[in-house]
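These notes are about the structure you will find just below.
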Amino acid sequence: MQYLHTMIRVSNLDETLHFFCDLLGMVEISRKSSDKGRFTLVFLAAPEDEARAREDRAPMIELTYNWDPEEYTGGRNFGHLAYRVDDIYALCEKLQANGVTINRPPRDGHMAFVRTPDNISIELLQKGDALEPREPWVSMENTGTW
């Protein structure tokens, strides 16, 4: 398993970038905007992690800016922790066998979401190419939120 990023939602992208980049000295690694999804994602790395972040896409912080104003309460501005895993199906099977709910099953062989006992969202991403979709994951519905 490899730590990838932590996602936080931000209400003002310019102010947040000023804080992280201008004041803390972090470096913008990449940016993606989605007109359809109405959001912008900005990935940042600490200066000493910049080379690794550009090569491995980790370790980083992901700033998620939703274009439509939203008030974040109850810790909703904190998004998730993300980890790259060797075999997403094997890990999800292990978690499920030990009573962990798979909130977003790895239907695509690439991504799943689970929650810790304290309800913190964890994103699991398949290392390398996505695995071939297979049951029971393909047919499994989402459970709760992530």
Side-chain angles (χ1 to χ4, degrees), residues 1-92 94-96 100-134 137-146:
M1 181 181 294
Q2 179 186 28
Y3 171 77
L4 298 177
H5 64 261
T6 298
M7 184 272 269
I8 58 172
R9 291 178 179 86
V10 302
S11 57
N12 184 310
L13 186 57
D14 291 333
E15 286 180 4
T16 303
L17 286 170
H18 171 70
F19 175 80
F20 280 104
C21 297
D22 298 336
L23 301 180
L24 291 180
M26 294 188 79
V27 178
E28 183 172 325
I29 302 299
S30 67
R31 181 184 294 235
K32 174 189 172 189
S33 292
S34 170
D35 291 332
K36 183 178 178 184
R38 301 191 47 74
F39 64 84
T40 300
L41 305 178
V42 179
F43 288 86
L44 307 175
E48 291 184 23
D49 292 325
E50 181 179 359
R52 181 168 167 228
R54 292 191 187 282
E55 171 125 354
D56 296 339
R57 307 279 309 143
M60 294 188 289
I61 186 167
E62 173 189 340
L63 305 178
T64 297
Y65 172 67
N66 293 308
W67 300 352
D68 299 317
E70 182 178 342
E71 184 176 330
Y72 300 117
T73 59
R76 191 148 143 65
N77 58 325
F78 172 80
H80 60 259
L81 301 174
Y83 293 91
R84 184 175 292 125
V85 300
D86 289 330
D87 185 330
I88 197 164
Y89 293 141
L91 182 55
C92 285
K94 176 182 178 180
L95 292 169
Q96 192 173 47
V100 175
T101 299
I102 309 300
N103 299 103
R104 194 279 192 193
R107 288 184 290 274
D108 54 6
H110 174 69
M111 178 178 65
F113 278 88
V114 298
R115 287 190 173 266
T116 71
D118 293 306
N119 218 23
I120 295 170
S121 187
I122 305 290
E123 179 181 21
L124 304 172
L125 294 167
Q126 175 61 44
K127 185 176 186 177
D129 293 334
L131 301 178
E132 280 295 316
R134 66 179 183 213
W137 312 111
V138 171
S139 302
M140 191 179 287
E141 296 290 321
N142 293 342
T143 302
T145 60
W146 59 87

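Since the model is a prediction, treat every value here as computed from it, not as a measurement.
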Hey, does the Lys NZ or Arg CZ of R57 hover above the aromatic six-ring of F43, less than 6.0 Å from the centre and inside 45° of the axis?
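Positive - R57 is close enough to the ring of F43 and near enough to its axis.
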
Once salt bridge (charged side-chain N to carboxylate O under 4.0 Å, His left out) is applied, what residue pairs with a partner in residues 31-43 remain, sequence neighbours excluded?
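Residue pairs with at least one partner in residues 31-43: E28-R31, R38-D68.
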
To the nearest 0.5 Å, what is the distance between [atom1] ([X]) and [atom2] ([Y])?
{"X": "T16", "Y": "I8", "atom1": "OG1", "atom2": "CD1", "result": "6.5 Å"}
{"X": "E15", "Y": "D22", "atom1": "CD", "atom2": "CG", "result": "12.0 Å"}
{"X": "M7", "Y": "L4", "atom1": "CE", "atom2": "CG", "result": "13.5 Å"}
{"X": "C92", "Y": "F113", "atom1": "SG", "atom2": "CZ", "result": "11.5 Å"}

Checking R134 now: which residues fulfil salt bridge (Lys or Arg N to Asp or Glu O under 4.0 Å) with it, not counting sequence neighbours?
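For R134, no residue satisfies salt bridge (Lys or Arg N to Asp or Glu O under 4.0 Å) once neighbours in sequence are set aside.
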
By salt bridge (Lys or Arg N to Asp or Glu O under 4.0 Å) - contacts of R104 (at least two apart)
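Result, salt bridge (Lys or Arg N to Asp or Glu O under 4.0 Å) vs R104: D108.
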
Can R54 and V27 be said to form a side-chain contact (heavy atoms from CB on, under 4.5 Å), step by step?
CA-CA 10 Å; R54 292 191 187 282; V27 178; 3.9 Å; yes

Donor-acceptor list for residues 119-127 side chains, cut-off 3.5 Å, not counting sequence neighbours:
unit_1: S121; atom_1: OG; unit_2: W146; atom_2: O; d: 2.6
unit_1: E123; atom_1: OE1; unit_2: H80; atom_2: NE2; d: 2.9
unit_1: Q126; atom_1: OE1; unit_2: I88; atom_2: N; d: 2.7
unit_1: Q126; atom_1: NE2; unit_2: D86; atom_2: O; d: 2.8

With A53 via side chain to side chain contact (heavy atoms under 4.5 Å, CB included) - residues at least two apart
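For A53, the residues satisfying side chain to side chain contact (heavy atoms under 4.5 Å, CB included) (neighbours in sequence not counted) are I29, A45, M60.
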
Check side chain to side chain contact (heavy atoms under 4.5 Å, CB included) between S11 and all other residues, then give those that pass, not counting sequence neighbours.
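Listed in chain order: nothing, the list is empty.
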
Check against side-chain contact (heavy atoms from CB on, under 4.5 Å), T101 and V114
CA-CA 6 Å; T101 299; V114 298; over 6 Å; no

Test log, rule side-chain contact (heavy atoms from CB on, under 4.5 Å), inputs W137 and I102
CA-CA 10 Å; W137 312 111; I102 309 300; 4.1 Å; yes

Mark yes or no for whether N12, through its side chain, and D14, through its backbone, hold a donor-acceptor pair below 3.5 Å.
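A pair under 3.5 Å: yes.
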
Check step by step if side-chain contact (heavy atoms from CB on, under 4.5 Å) holds for T6 and F78.
CA-CA 8 Å; T6 298; F78 172 80; 3.5 Å; yes

